[in-house]
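Everything below concerns the one structure shown next.
One is the number of the first residue; the rest follow in order along the sequence. In each ligand, atom 1 is the first atom listed, and ligand 1 is the first ligand listed. Source: prediction; values computed, not measured.
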Amino acid sequence: MRKPLVAGNWKMNKTAAAAVALIKDLVPLIQGIGDVEKVVCPPFTALMAVYPLLKGTDVGLGSQNLHWEKAGAFTGEESGEMIAEYCRYAIVGHSERRQYFNESDESANKRLLAGLEAGLIVIFCIGETLAEYESDKTEEVLRRQIAVGLKGITKERLSQLVVAYEPVWAIGTGKAATKDDANGVVKNVIRPAVQELYGKKAAHSVRVLYGGSVNGKNAAEYFSQSDIDGALVGGASLKPDDFSQIVRAASKSK
Ligand code: PGA
């Protein structure tokens with residue numbers, strides 16, 4: 001059984017004060033929906049402020065990135081150990097990191113390894129761009145992202161890995177992938193690619209989320225699919241009603 005996971009990626013939104021206010025609105029709406037793992041990923045500057053509010057709740061805290069080195073002269077970066085002081089989760093390889101900050105499959109791999117090493121549950125993002133989608137390169141791109149991204153990761157660490165399939169053309173555009181397309185990609189490309197590397201059991205047990213314009217209205221469609229285990233949510237994660245609706249949809253689906 002793969003437990004559904006719904007994670008909110010707040011991106012570069014909310015001051016610490018505004019994050020506290022949002023958490024206070026959100027937690028009562030989702031707390032106690034025990035069959036769904038719930039995670040919020042505020043910006044780094046809000047982690048410390050939000051941390052005490054989530055302590056003792058069943059809502060997890062995550063970072064939006066992490067650096068692979070343990071410490072040193074890496075201005076503007078945070079290590080796995082620093083993040084693990086506050087967080088149980090981290091996002092790596094998000095398409096906005098790849099698109100705007102030159103992150104690559106190789107750097108995503110290093111971040112992923114470091115996050116697992118720090119004991120975090122890492123949400124590893126993959127997905128094709130619009131140009132790749134339109135030229136039928138989805139499978140090739142995802143296979144490369146998985147092969148390079150998971151390099152050096154042992155089977156024992158896989159329980160800490162969550163894959164998020166986020167077609168870049170669906171992120172923040174309101175143009176979500178159809179449930180059948182998204183499920184087809186997870187079932188026919190992502191799980192088989194994991195199977196080639198780690199075997200059938202691993203491919204079956206790894207959790208794979210869909211991300212890209214998920215909201216309270218369309219979430220249930222994805223969660224009703226055979227191979228989608230939850231969602232990575234951007235825009236709608238800033239709206240407590242919408243986010244809680246997504247969590248409830250995930251709960252109902254199982
Ligand atoms: P969106 O973002 O829900 O706003 O499309 C998803 C993401 O970037 O993870």
Side-chain angles (χ1 to χ4, degrees), residues 4-14 18-19 22 26 30 36-44 46-47 59-66 87 89-103 105 108 111-112 115 120-130 132-133 138 141-142 145 149 161-179 181-183 185-186 190 207-223 225 228-250:
L5 190 157
V6 176
N9 172 12
W10 293 11
K11 309 191 179 183
M12 197 174 76
N13 292 292
K14 304 290 171 188
L22 176 51
L26 176 66
I30 58 174
V36 180
E37 221 167 291
K38 307 159 289 283
V39 182
V40 292
C41 304
F44 282 110
L47 291 178
V59 180
L61 188 57
S63 71
Q64 296 174 17
N65 206 354
L66 65 86
C87 299
Y89 300 82
I91 298 171
V92 305
H94 192 278
S95 66
E96 285 150 18
R97 298 298 316 171
R98 297 174 189 258
Q99 196 177 344
Y100 304 128
F101 303 99
N102 285 325
E103 291 195 15
D105 295 330
R111 292 176 200 275
L112 177 52
L120 295 161
I121 295 174
V122 182
I123 301 171
F124 168 53
C125 304
I126 56 175
E128 79 285 1
T129 63
L130 183 61
E132 289 162 345
Y133 174 72
T138 300
V141 169
L142 294 176
Q145 290 176 333
L161 173 77
V162 177
V163 177
Y165 170 52
E166 299 204 304
V168 179
W169 47 269
I171 294 179
T173 57
K175 221 181 106 190
T178 67
K179 61 180 184 348
D181 282 351
N183 193 60
V185 168
V186 178
I190 297 177
R207 287 184 291 180
V208 185
L209 316 179
Y210 167 73
S213 300
V214 175
N215 58 45
K217 289 200 177 75
N218 65 16
E221 291 178 19
Y222 298 104
F223 303 154
Q225 298 297 302
I228 296 174
D229 306 315
L232 182 56
V233 184
S237 71
L238 299 169
K239 301 175 199 146
D241 286 337
D242 236 7
F243 192 71
S244 66
Q245 223 177 320
I246 298 168
V247 172
R248 283 197 302 276

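Here the side chains of Val39 and Val59 are not in contact, with every heavy-atom distance at 4.5 Å or above. No side-chain heavy atom of His94 sits under 4.5 Å from any side-chain heavy atom of Asn65. Between Leu5 and Lys38 there is no side-chain heavy-atom pair separated by less than 4.5 Å.
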### Task
Assess whether salt bridge (charged side-chain N to carboxylate O under 4.0 Å, His left out) is satisfied between Lys179 and Glu221, documenting all intermediate values.
CA-CA 6 Å; Lys179 61 180 184 348; Glu221 291 178 19; 5.6 Å; no
#### Entry: Verdict with reasoning, Lys217 to Asp242, per salt bridge (charged side-chain N to carboxylate O under 4.0 Å, His left out)
CA-CA 8 Å; Lys217 289 200 177 75; Asp242 236 7; over 6 Å; no
### Task
Could you give me the CA-CA distance, side-chain angles and deciding distance for Glu128 and Trp169, then say whether side chain to side chain donor-acceptor pair (under 3.5 Å) is met?
CA-CA 8 Å; Glu128 79 285 1; Trp169 47 269; 2.9 Å; yes
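Pocket lining of ligand 1, defined as residues with a non-hydrogen atom under 4.0 Å away: Asn9, Lys11, His94, Glu166, Ala170, Ile171, Gly172, Gly212, Ser213, Leu232, Val233, Gly234, Gly235.
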